[in-house]
4 protein chains.
Amino acid sequence: MASETTDGRTARAEAQRERRREALLTAAASLFAQNGFHSTSVSDVIDAADVSRGTFYLYFDSKDGLFLQLMDRFTGRIMEVVRVVDPEGSDPTGEILSNVRRIVDVVFDNRDLTVMVLREDIGLRPEVDEQLSRFYGFLRDMLEGALLNGARCGLTREVNAPVVATALIGAIKEVFLHHLVIAPEHAPTRESLAESLLDFGLRGLLLSPDRG
Amino acid sequence: MASETTDGRTARAEAQRERRREALLTAAASLFAQNGFHSTSVSDVIDAADVSRGTFYLYFDSKDGLFLQLMDRFTGRIMEVVRVVDPEGSDPTGEILSNVRRIVDVVFDNRDLTVMVLREDIGLRPEVDEQLSRFYGFLRDMLEGALLNGARCGLTREVNAPVVATALIGAIKEVFLHHLVIAPEHAPTRESLAESLLDFGLRGLLLSPDRG
Amino acid sequence: MASETTDGRTARAEAQRERRREALLTAAASLFAQNGFHSTSVSDVIDAADVSRGTFYLYFDSKDGLFLQLMDRFTGRIMEVVRVVDPEGSDPTGEILSNVRRIVDVVFDNRDLTVMVLREDIGLRPEVDEQLSRFYGFLRDMLEGALLNGARCGLTREVNAPVVATALIGAIKEVFLHHLVIAPEHAPTRESLAESLLDFGLRGLLLSPDRG
Amino acid sequence: MASETTDGRTARAEAQRERRREALLTAAASLFAQNGFHSTSVSDVIDAADVSRGTFYLYFDSKDGLFLQLMDRFTGRIMEVVRVVDPEGSDPTGEILSNVRRIVDVVFDNRDLTVMVLREDIGLRPEVDEQLSRFYGFLRDMLEGALLNGARCGLTREVNAPVVATALIGAIKEVFLHHLVIAPEHAPTRESLAESLLDFGLRGLLLSPDRG
DNA sequence: CATGAATGAGTGTTCATTCAT
DNA sequence: AATGAATGAACACTCATTCAT
């Protein structure tokens with residue numbers, strides 16, 4: 001009985017802890033996305049989450065630590081939904097489209113996280129860098145692999161895979177950033193966005209590749 | 001004679017001024033590129049330029065003013081070098097390649113400025129925003145115009161011009177950022193970089209455009 | 001019990017806060033009185049109050065805000081103590097004397113505040129101005145009203161009320177400033193000061209009013 | 001001849017010097033009057049006088065030195081026009097009125113200087129203090145003497161001379177300050193101002209001195 | 001576990017004064 | 001004599017982090 005009560009208490013406390021934690025993360029994501037990391041103070045975050053100053057540091061090591069956890073969430077969710085495409089499978093471009101669609105879904109369902117990460121620059125703080133490098137490295141490897149596979153199977157042209165992979169990542173980032181931050185009022189539907197991205201990436205612009 | 005002496009003195013003073021100014025701009029560009037705007041203090045800049053605190057404010061209104069001037073330099077140099085492409089001219093893709101080559105030249109000759117600008121986020125400080133918006137707006141207009149013209153002349157496929165223009169800008173930014181910051185040791189030659197960019201942008205990835 | 005403990009803690013914390021606050025206000029009043037607003041830096045104040053830099057801004061918005069609060073204290077205490085004089089009452093000059101005595105008391109009990117306010121000039125900082133205007137406006141209205149009432153009842157001569165009210169204020173200010181700052185060693189007693197002020201204000205200098 | 005030429009040059013140079021000096025003094029008086037000593041920078045002064053930075057320090061030791069010279073001008077002009085009143089002369093109150101009129105004239109003819117001095121507080125900078133003390137001491141002595149003389153001759157009542165002298169000075173200062181700074185639009189004529197001051201000072205407010 | 005008062009290093013900026021030309 | 005570029009100490013203020021309660 002006593003232990004059950006204690007468990008009950010512990011459970012309630014645990015739930016409370018989780019709620020607080022989530023409140024802080026959500027508030028921070030929103031603020032970081034809206035005003036950037038530097039312009040968001042710990043005060044802003046604890047005010048928005050309605051949590052005391054000291055409590056903040058019970059949940060996170062530092063402002064940087066909070067940011068890293070948020071970034072972790074985002075990169076994790078993206079990496080979860082990206083699947084290796086088998087170029088010799090029955091429908092490789094369909095698989096690519098599925099990947100893009102799933103990414104678009106994660107992005108649209110985590111706007112604040114996305115904007116926050118897209119805004120963060122590489123090369124400034126070591127820990128952030130390390131994580132972002134891992135993330136973009138993962139994406140780049142995925143894309144490079146697909147490009148090489150595609151070329152090997154005669155599906156795609158032979159291209160400078162590292163450059164093109166980087167370019168594709170940049171293209172995707174910019175399109176998302178544009179529609180989430182700069183001109184959110186003109187945001188297309190998820191489906192049309194996914195198709196435009198794919199269309200652009202796969203087919204390029206020339207009417208016939210032989211004319212260039 | 002007297003006036004010549006005076007002129008000589010004035011000219012020498014003027015030259016000295018210009019040297020100081022340049023020292024400050026160069027030092028600042030390097031620091032902003034390396035550590036970002038927020039992590040670079042005025043103290044860092046004046047230490048690097050070996051100039052006193054007060055002198056800094058003789059040359060620039062504020063830290064923001066300095067940043068804006070640097071950004072101006074970069075955006076100005078890029079915009080100087082981009083020419084409208086006539087899709088009905090004798091060699092439109094050649095003209096595009098020339099544009100890309102000139103941009104690559106400006107970027108490689110102004111690494112610090114490039115990195116500094118590429119790192120700067122839109123949506124945080126109004127004055128910076130305004131200028132960046134103008135810059136990217138200019139690029140986007142240029143690209144959209146080219147896409148529409150190309151489509152009208154039957155040179156390129158009809159695409160969602162705004163999205164594709166945005167994607168192209170992102171692709172270019174990421175490639176530059178990657179080669180200047182993330183993996184400078186793997187930087188390709190200017191020429192191969194220009195060609196890869198063009199190749200990617202114009203031709204896409206699929207072997208035949210009909211296969212998508 | 002638990003709540004009592006909590007209350008006790010809260011109360012103790014509250015008292016500590018109030019002590020700090022008072023230390024800052026007192027230190028600042030003394031420094032402002034002695035060296036003036038401009039020559040007193042925030043560093044001076046926090047050194048005198050033995051408080052850290054950040055703590056200062058926990059209690060006051062700004063150096064200006066601190067000054068305004070001090071001014072508020074003084075003007076408030078004076079205005080609390082001034083009563084409208086009924087010229088048709090049984091002893092109007094007695095009531096005036098009471099007012100003067102009460103003012104003298106506030107002044108002598110708040111030397112630093114008095115000196116600080118008397119030294120502050122109108123016409124330089126808007127917020128200070130506003131408050132000083134209200135204060136002197138209050139005094140002027142009081143005096144003008146008394147002069148007009150007095151004249152209506154045949155108690156005083158008809159005078160240029162606005163000018164005379166201003167002159168009386170100046171007279172009082174100068175006398176206080178003189179005795180508090182310039183020659184504090186010759187300071188008369190409160191009583192004799194009050195009487196001299198009144199004597200001067202009410203009766204003027206001529207032996208007989210008919211001789212001027 | 002040569003010496004005449006030199007003299008001519010010297011004279012011209014001297015005149016030029018004097019003109020510059022005057023330009024600086026005039027500009028400074030205006031700025032000090034309008035914005036106060038602390039809010040007026042050396043830059044403001046040299047801009048207004050159209051003189052270079054270095055030149056300023058050829059004419060004045062420091063910003064403080066400039067202020068002292070201006071104060072000197074004002075106190076000198078006032079002290080020049082104040083004459084000792086002979087209480088046993090044929091028209092002592094007439095002489096007092098003449099004094100007041102002359103002071104009013106100096107004040108109205110040197111508004112900037114007057115405002116500047118009236119705004120300056122005693123007790124902050126030693127050199128300014130010394131001079132202001134001399135000035136107000138002079139006025140006070142003058143007034144105290146007159147009061148004692150007047151009382152001795154049976155012209156005025158016996159009053160607490162030091163207090164009343166101080167009060168009179170304060171009254172005059174406040175009235176001038178009020179009409180020059182706070183409400184210049186309601187400024188009375190010189191004559192009516194002089195009369196109001198005198199009327200107030202000499203006759204006080206009570207209808208009959210016996211009724212108080 | 002939760003609190004919020006306290007901290008102090010650090011920020012961008014100003015300005016009276018100096019001095020080489 | 002005249003200039004104006006250069007100086008650097010000083011300023012008001014911020015904010016991530018700590019810790020006694």
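Letters A, B, ... are given to chains in the order of the sequence lines, protein chains preceding strands, and every chain is numbered from 1.
- Counting only residues at least two apart or in different chains, salt bridge (charged side-chain N to carboxylate O under 4.0 Å, His left out) contacts with residues 45-60 of chain A are absent.
- Every residue two or more places apart in sequence or in another chain was checked for a side chain to side chain donor-acceptor pair (under 3.5 Å) with B:Arg20, and none qualifies.
- Expressed to the nearest 0.5 Å, how far CG of A:Leu68 lies from CD of A:Glu130 amounts to 9.5 Å.
- At a non-hydrogen distance threshold of 4.0 Å, nothing from residues 60-67 of chain A comes into contact with DNA chain E.
- Between atom OG1 of residue C:Thr114 and atom CZ of residue C:Phe74 there is a gap of 4.0 Å, rounded to the nearest 0.5 Å.
- The ring-ring contact (aromatic ring centres under 6.0 Å, His included) check on B:Phe56 picks up B:Phe60, with sequence neighbours excluded.
- Among residues two or more places apart in sequence or in another chain, the side chain to side chain donor-acceptor pair (under 3.5 Å) test is passed with A:Thr26 by none.
- Sorted by first then second residue, the salt bridge (charged side-chain N to carboxylate O under 4.0 Å, His left out) pairs that include residues 21-42 of chain B, not counting sequence neighbours, are B:Glu22-B:Arg73.
- One finds no side-chain N or O of C:Tyr57 lying less than 4.0 angstrom from the OP1 or OP2 phosphate oxygen of F:dT14.
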Shorter than 3.5 Å, N or O on both sides, protein versus nucleotides 3-5 of chain F: list them out with atom names.
unit_1: F:dT3; atom_1: OP2; unit_2: D:Ser52; atom_2: OG; d: 3.3
unit_1: F:dT3; atom_1: OP2; unit_2: D:Thr55; atom_2: OG1; d: 2.5
unit_1: F:dT3; atom_1: O5'; unit_2: D:Ser52; atom_2: OG; d: 3.3
unit_1: F:dG4; atom_1: N7; unit_2: D:Gly54; atom_2: N; d: 2.8
unit_1: F:dG4; atom_1: O6; unit_2: D:Gly54; atom_2: N; d: 3.3
unit_1: F:dA5; atom_1: O5'; unit_2: B:Arg17; atom_2: NH1; d: 3.4

Task: Strand DNA chain F in bracket notation, Watson-Crick/G-U under 3.5 Å with | for pairs to another chain - done: .||||||||||||||||||||
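- Under the side chain to side chain donor-acceptor pair (under 3.5 Å) criterion, C:Ser39 pairs with no residue, sequence neighbours left out.
- Looking at residues two or more places apart in sequence or on another chain, you find a side chain to side chain donor-acceptor pair (under 3.5 Å) between D:Asp44 and D:Ser41.
- Looking only at side-chain heavy atoms (C-beta outward), B:Leu25 and B:Leu66 come within less than 4.5 Å of each other.
- Scored by the side-chain contact (heavy atoms from CB on, under 4.5 Å) test, D:Asp72 finds D:Thr75, D:Gln131 as partners (sequence neighbours excluded).
- For the pair B:Lys63 and B:Phe32, the cation does not sit on the ring face, since its NZ or CZ is not both under 6.0 Å from the ring centre and inside 45° of the axis.
- For the contact set between residues 38-46 of chain C and DNA chain F, defined by any heavy atom under 4.0 Å, the members are C:Thr40, C:Ser41, C:Val42.
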